Amino acid sequence: MEEALMEMDDYDEQQIRPNALPFARSYQLEALEKAIRENTIVYLETGSGKTLIAIMLLRSYAYHLRKPSPYIAVFLVPKVVLVSQQAEALRNHTDLKIGMYWGDMGVDYWDGDVWKGEMEKHEVLVMTPAILLSCLRHSFIKLSMIKVLIMDECHHAAGRHPYACIMTEFYHHQLRSGITELPRIFGMTASPIKSKAANSESTLSKSIRELMTLMHSKVYTCVCDAVISQFIPTSTPKFRFYRDNGISYTLFEELAKRLNELKQQHERCITSSDLTKSAVQSAHKKIARIFDASIFCLEELGIWLALKAAESLSSIEIETFLWGISGDQIVKKFSSATMMTLQSCIPSDPRWTIADNMNSNLEMGLLTSKVCCLIECLLEYRGLTEMRCIVFVERVIAAIVLEVLLNALLPKYNSWRAKFIAGTGSKLQNQTRKIQNEIVEEFRKGLVNIIVATSILEEGLDVQSCNLVIRFDPSPTVCSFVQSRGRARMRNSDYILMVKSGDAVTRSRLEKYLDGGQMMRKESLRYSSLPCESLESDRFNEQAYRVASTEAVVNLSSGITLIYLYCSRLPSDGYFKPTPMWDKHKGILYLPKSCPIHAIHVQGDNKFLKNIACLEACKQLHKIGALTDNLVPSIVVEEAEVEEFGNEPYSEEQPSYVPFELVNHMSNNSSTIYYCYLIELKQNFSYDITVQDIFLATRVELDPEIGCMQFDMCFDRGSLAVNLRYRGNINLSPDQVLLCKRFQVSILGILMNSKMDKESFSEKYSLEDDLEIDYLLLPSIAIEETPSVDWLTISSIHPSKIQCRYHAANILTEKGFACGCILRNALICTPHNGRTYITAGMMELDGNSPLEVGDGEVTTYKKYFGQKHGIQLRFEHQRLLKARHVFPVKNYCHGYSQAKDRDVSKTFVELPPELCSIIMSPVPLSTLYTFSFIPSIMHRLESLLGAYNFKRMHLDYCPQNKIQTFKVLEAMTTKSCKETFHYESLETLGDSFLKYAVSQQLFNMYQNHHEGLLSVKREKIICNAALSKLGCDFRLPGFIRNDPFDPKTWIIPGVKSESFKLEETVFNGRKIYTRGDRKLKRKVVADVVEALIGAFLSAGGEMAALLFMDWIGIKVNFNIIPYERQFIACPDNLVNVRFLESLLKYSFRDRSLLVEALTHGSYMLPDVPRCYQRLEYLGDSVLDYLITMHLYRVYPGMSPGQLTDMRSASVNNDCYAMSAIKVQLHKHVLHASQELHKHIVATLDKFDDQSSSSFGWESEATFPKVLGDIIESLAGAIFVDSGYDKEAVWKSIRPLLEPLVTPDTLTIHPIRELNELCQKMNYTKEKTLSRNDGVTSCKIEVIADGVIHQFEYKGSTDKKTATRLACKGVLHSLQWK
């Protein structure tokens, strides 16, 4: 084994060359050379630059680490605070990519893919050792991936510390297996010994040898202090003895007795109060903490500092609890009583301060001699202007109160400032790492001179060298001694050791610590020349379970942690946290009821029996899939997949399709066949002009369903019935096609843009023969009662070619002379203002006729045109033309009244012929009027064709799944289209069915999965990301209608535009034409998928919906699988079966299902193997679906928004909970939770039967979720027991839910109602929410039209209920404004 190591070392030495920094010291370069050759522990004093050696080692290995190399280096630090500190040093001196990791980042729940990504991005990973150990155990990181493993403060490597576990479980395991691809180990320490023992050379020798063996490394250290002292000054140790003069025994006894009586008094108050179990425990702990801290300070520091301790602890944020009187009130009363008791011993003179007289303070017991000794030590150095001092204490409370004392005393002597630093894990203070770093920075700058610190500054934060270090409390270990002394690194610095007079034991131990440095160096040098010993096999962890496929491992040491991790990911609520229970007498490990394994029976060594049971549980959980091959809870991987799925890129730029029936790629060189469909229009309103039928001519024959389509266009005047009828085909020559295109382009272009340029309208269009969108819209005329194409009107595009047989062309127009017949029903434009008109004929008026203008003033037409337009009429005696404005094209798809604009089309004007240019003639007025509806009609028809084409794609796969095209169109139309229909109702229906279908499938398929895992698996199938991906795979976004129809952007068939290009693609053998992109959110695509499921469900039932789901990629079947589980107990012994069956009006075949449905997770008795969570998961989806279908069928005429609101009001936990209370189901829940019991009692006290009329939104009661859950679990139990019969569930559960919501009783939730009102009316809303002393306060303020409406609720309820009631109060105020 040693030979293998040497071979590896020789290879590395050939490959690795030192990459030293120019300012490195001689001993650092020597240590680097050694570290490159072999595994090394660098043992050097604090401040000697050990980290720099590690940096140079990484620089030397950089070639092997740079990406795309698969290798990494890992830099381990024992404390979180060191992660960023060491990472910053690496960034400053290397160009390697550094990653930082600590527990609060949530790394415990990262999976292998996340760690793989981190290793692909970074070359050096800086982390705490527990993270690496976990990654190695789960095989997210393999030891073979690590080139260099650096362990900072490696003296921690002993016992079960993560450093030791990494080496024993992985490094030495692989070393014994003959694996040579092992990382270079590099340890750093200021003391290779951590223990208190420093008695003899043999003890030191043994400890150093054990560390070297465990680390499989040689120790490097300097031969003598002289080498280091060239670069780093060493401090002078000084003993300072203080007399044992504390507070007098009598006074201490009296105060201690009074404080203890207060403690017992308040503890009795807590025990007798109406508090939950967790609240009682928490309050007891807080009182004990305050009491212990006060007694400690009283004895060790004096009365004044004990008072400051009580004051400090009283200001700590105290928890609040949900139900009953909160414990923080009692804790605060105890804290106040403690302060009053201590304050009674403090001088009452308001001018008195603790700095007045130290001797008097000592005599009165306000301060102890130990504290006075500290003050004296500091004052001896008061002449130092640049004071940098650290006072090390053992307890956090001592650090807190000594800071207060020093800042009260020091201003009397100098300008020194003191601050304290203590570990972030302490419950006595809430210092963040940011605050600690700020204090250290102030210390460097001299803004802070004294830091009172716990051991965090021994090997934690990087603090500037000090000129004074005082050990207020003696170092507990030799390592602590060495590290704290190492902080005094300024020249002529002192290291003061405070020791109580007569304490020979402590003095002797500290003296040995002083001598220990030389002995440790001597022993380290001696062992550095000897080969590493083999580590004895760790018998404790020899029992391990390894997964062959991944090499993940769990052993006796990690099994307990893994089981607790697994249980922490099981479903929980506010009444219990799932944890394993160990019965040491029976040797049985009981797992929570939501776990598929209920109990583990083991035998063996009693000392390790719990470890053995947890290891066995891990094995079994892995075998059934509850733990993955990486030995992490499967829900962690499932959740990561869902999150990753949701983070998959989605482009909101989605295509918009044009139906292929309206697109042409055929040549117009020869005659073309068009299929003619008569668009019959029936006018259901009165107007002075009637509509006429129009021919739609397409290149391809439409499907009969589209070819005979009927629909209504509703608008402000009434409605227009549209009916398509196929009239055969027509053969058109190229000239005829071009003529028809010119006609429709001209007439539609004029209607859509009534103002024109001076050029002829027809010249604005490039009318080529190969237009991409190709269909014709032709006027019709009845010939012998048979509709025919009105070629005369179509030919009106060439008015100059029409000759009058009866009249001469004697009327001068802008383009020349014309006959009066041509000027009747002519479409004209007036170039001077660019407007277009339709003429009615000649008038008797001429240019000299009087014209009444504003305010009754009369002028002539000749003068008006001269003054208004600067035009001099040349033919003033010509009769004027009577004309009316053309009909504006509007959006007639929305189905609601538009703003009442002035109907300019009814307004007549008088025009001089010489100013008019004829565009088309003759054009019947009814034709123009009819064509103003054409864009809206064709938009609707185009939408129907798109819906039909998507339907055909599905019917190609499943021909029998018939559905009306209009239903598909409804499912593809969003609310933002502002039409008379949209998908919201169908989406609500489809959402409930999808949830139901998938839930049933997963419930049957995964009978060992708990509710949380089933929910995550369901989410993975039905989440927006999943549904939108399925929709995109089938090109669904291109068919979705998401924007309101805008006639201005409608493309006139026949127009050739550079901005409008069609692209052709082929999908599943079908051509698809894209007209460009538009923005479409992912949720919209997902909603449309759900709406399509709802459409097929409403059209063809559940089988039709399942067929569509199967086609789009959601594979679900309703095959019934027996529900298998072990149930030993007799149901009648656990619940009142007869009463419950009578209540439910259902007789159970398997009564154990009834017991399971009523068992809460806190009921840990082994008689019932499962809790209700799985049945609740199933019943939730069944009830949701049943209620939604009920509302959809019973109220078919309600708006889509109403269905959504009624569903929300019916399908919610509060409604179910109220139903459970009304029928007293709460009495039958099996649970063992004091919190749940108290919540139920509190709810019953506030419960009002009338609250059901408003769905509980008026009630102050906060309903326990458990009560709503059991309604769902009972539904699930009946569903399973009845052979998955939904009707049986509905017949049984519906009576419990009566009265069901109706449109008349529907009330919107106050929070939503207020939010929507503020959004609609642009009101400003502010919310203030807080909870103190068990009282929740919620204040809502709304500024409406400059008036402030506010309401504040205060009560002992939860935050959600308080917000609801405050919103209700503001709504009442707004209604009366």
Side-chain angles (χ1 to χ4, degrees), residues 988-989 991-993 995-997 999-1000 1003 1011 1102 1118 1120 1123 1131 1135-1160 1171-1195 1206-1230 1249 1251-1253 1255-1256 1263-1302 1305:
T988 300
L989 189 62
D991 170 71
S992 67
F993 179 75
K995 178 182 172 183
Y996 156 72
S999 297
Q1000 179 175 319
F1003 181 87
E1011 177 266 336
E1102 292 183 359
F1118 283 173
I1120 297 175
Y1123 186 52
V1135 296
N1136 190 340
V1137 175
R1138 182 178 298 177
F1139 169 80
L1140 291 166
E1141 287 186 335
S1142 173
L1143 175 67
L1144 297 170
K1145 296 180 175 58
Y1146 179 83
S1147 296
F1148 280 87
R1149 301 168 193 165
D1150 180 0
R1151 293 183 170 190
S1152 68
L1153 282 166
L1154 184 57
V1155 178
E1156 183 176 331
L1158 292 167
T1159 303
H1160 183 251
C1171 61
Y1172 66 59
Q1173 290 171 346
R1174 276 179 53 87
L1175 291 175
E1176 176 229 332
Y1177 160 84
L1178 180 63
D1180 167 49
S1181 64
V1182 174
L1183 277 183
D1184 187 343
Y1185 174 50
L1186 287 171
I1187 292 173
T1188 304
M1189 281 298 293
H1190 165 78
L1191 296 172
Y1192 189 80
R1193 288 169 177 165
V1194 174
Y1195 306 105
M1206 290 177 69
R1207 181 197 185 197
S1208 299
S1210 303
V1211 183
N1212 66 73
N1213 194 270
D1214 281 356
C1215 277
Y1216 295 161
M1218 283 191 297
S1219 299
I1221 292 173
K1222 283 191 294 183
V1223 297
Q1224 300 195 351
L1225 274 173
H1226 58 277
K1227 297 180 179 179
H1228 301 273
V1229 180
L1230 299 176
D1249 287 333
S1251 64
S1252 59
S1253 62
F1255 319 110
F1263 299 101
K1265 183 178 181 297
V1266 172
L1267 299 185
D1269 290 346
I1270 60 171
I1271 293 289
E1272 295 171 332
S1273 62
L1274 285 170
I1278 295 169
F1279 190 55
V1280 173
D1281 188 74
S1282 63
Y1284 298 88
D1285 182 355
K1286 295 187 297 298
E1287 287 306 312
V1289 177
W1290 188 233
K1291 287 178 183 177
S1292 179
I1293 300 297
R1294 176 177 176 174
L1296 306 184
L1297 304 179
E1298 294 286 2
L1300 292 174
V1301 65
T1302 69
T1305 61

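None of these values were measured; they are calculated from a predicted model. Nothing fancy with the numbering, it's 1 onward along the sequence.
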### Query
Considering residues, nucleotides and ligands other than K1291, do more than 12 of their heavy atoms fall under 6.0 Å from its NZ?
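For K1291, atom NZ is not crowded (no more than 12 foreign heavy atoms under 6.0 Å).
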### Message
As a quick check of understanding, evaluate side chain to side chain contact (heavy atoms under 4.5 Å, CB included) for L1140 and L1225, giving each step before the final call.
### Response
CA-CA 9 Å; L1140 291 166; L1225 274 173; 3.7 Å; yes
Taking salt bridge (Lys or Arg N to Asp or Glu O under 4.0 Å) as the definition, give me every residue that meets it alongside [X], ordered by chain and number, with sequence neighbours left out.
{"X": "E1287", "value": "none"}
{"X": "D1281", "value": "none"}
{"X": "K1265", "value": "E1176, D1269"}
{"X": "E1272", "value": "none"}

Of the non-hydrogen atoms in [X] and [Y], which two are nearest, and what is the gap between them?
{"X": "L1178", "Y": "G1276", "result": "CD2-O, 4.2 Å"}
{"X": "A1157", "Y": "I1270", "result": "O-CG2, 4.0 Å"}
{"X": "S1219", "Y": "L1297", "result": "OG-CD2, 3.6 Å"}
{"X": "P1299", "Y": "K1222", "result": "CD-NZ, 4.3 Å"}
{"X": "H1228", "Y": "Q1224", "result": "CD2-O, 3.4 Å"}
{"X": "S1292", "Y": "P1295", "result": "O-CD, 3.5 Å"}

Tell me, do [X] and [Y] make a side-chain contact under 4.5 Å, heavy atoms counted?
{"X": "H1160", "Y": "L1230", "value": "no"}
{"X": "K1286", "Y": "M1189", "value": "no"}
{"X": "S1210", "Y": "L1300", "value": "no"}
{"X": "L1175", "Y": "F1003", "value": "yes"}

### Query
Would Y1195 and T1302 count as a side chain to side chain contact (heavy atoms under 4.5 Å, CB included) if you check the C-alpha gap in whole Å, the side-chain angles of each, and the deciding distance to 0.1 Å?
CA-CA 9 Å; Y1195 306 105; T1302 69; 3.3 Å; yes
### Message
Salt bridge check, R1207 against D991: does any charged N sit closer than 4.0 Å to a carboxylate O?
### Response
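Salt bridge between D991 and R1207, a charged N being under 4.0 Å from a carboxylate O: yes.
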### Query
Given V1211 and Y1216, is the side chain to side chain contact (heavy atoms under 4.5 Å, CB included) satisfied, shown in steps?
CA-CA 8 Å; V1211 183; Y1216 295 161; 3.6 Å; yes
### Task
Output all residues satisfying ring pair (Phe, Tyr, Trp, His ring centres under 6.0 Å) with Y1185, sequence neighbours left out; order by chain, then residue number.
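For Y1185 the ring pair (Phe, Tyr, Trp, His ring centres under 6.0 Å) partners, ignoring immediate neighbours, are F993, Y996.
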### Message
Working to the nearest 0.5 angstrom, can you tell me the gap between F1279 CZ and S1273 OG?
### Response
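Here the interatomic distance stands at 14.5 Å.
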### Message
Would you compute the distance between atom CG of L1183 and atom NE2 of H1190 and round it to the nearest 0.5 angstrom?
### Response
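Separation between the atoms: 12.5 Å.
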### Query
Does E1141 have any side chain to side chain contact (heavy atoms under 4.5 Å, CB included) partners at least two apart in sequence or in another chain, and if so, which?
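For E1141, the residues satisfying side chain to side chain contact (heavy atoms under 4.5 Å, CB included) (neighbours in sequence not counted) are V1137, S1147, F1148, R1151.
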### Task
Given side chain to side chain contact (heavy atoms under 4.5 Å, CB included), test L1144 with L1296 step by step and report yes or no.
CA-CA 8 Å; L1144 297 170; L1296 306 184; 3.8 Å; yes
### Query
Counting only N and O atoms by type, is there a donor-acceptor contact under 3.5 Å from the side chain of T1188 to the main-chain atoms of D1184?
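Pair found, side chain donor or acceptor close to backbone of D1184.
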### Task
Determine the sole option in V1266, L1158, V1155, L1274 for which the side-chain contact (heavy atoms from CB on, under 4.5 Å) test with Y1172 is passed.
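Result for side-chain contact (heavy atoms from CB on, under 4.5 Å) with Y1172: V1266.
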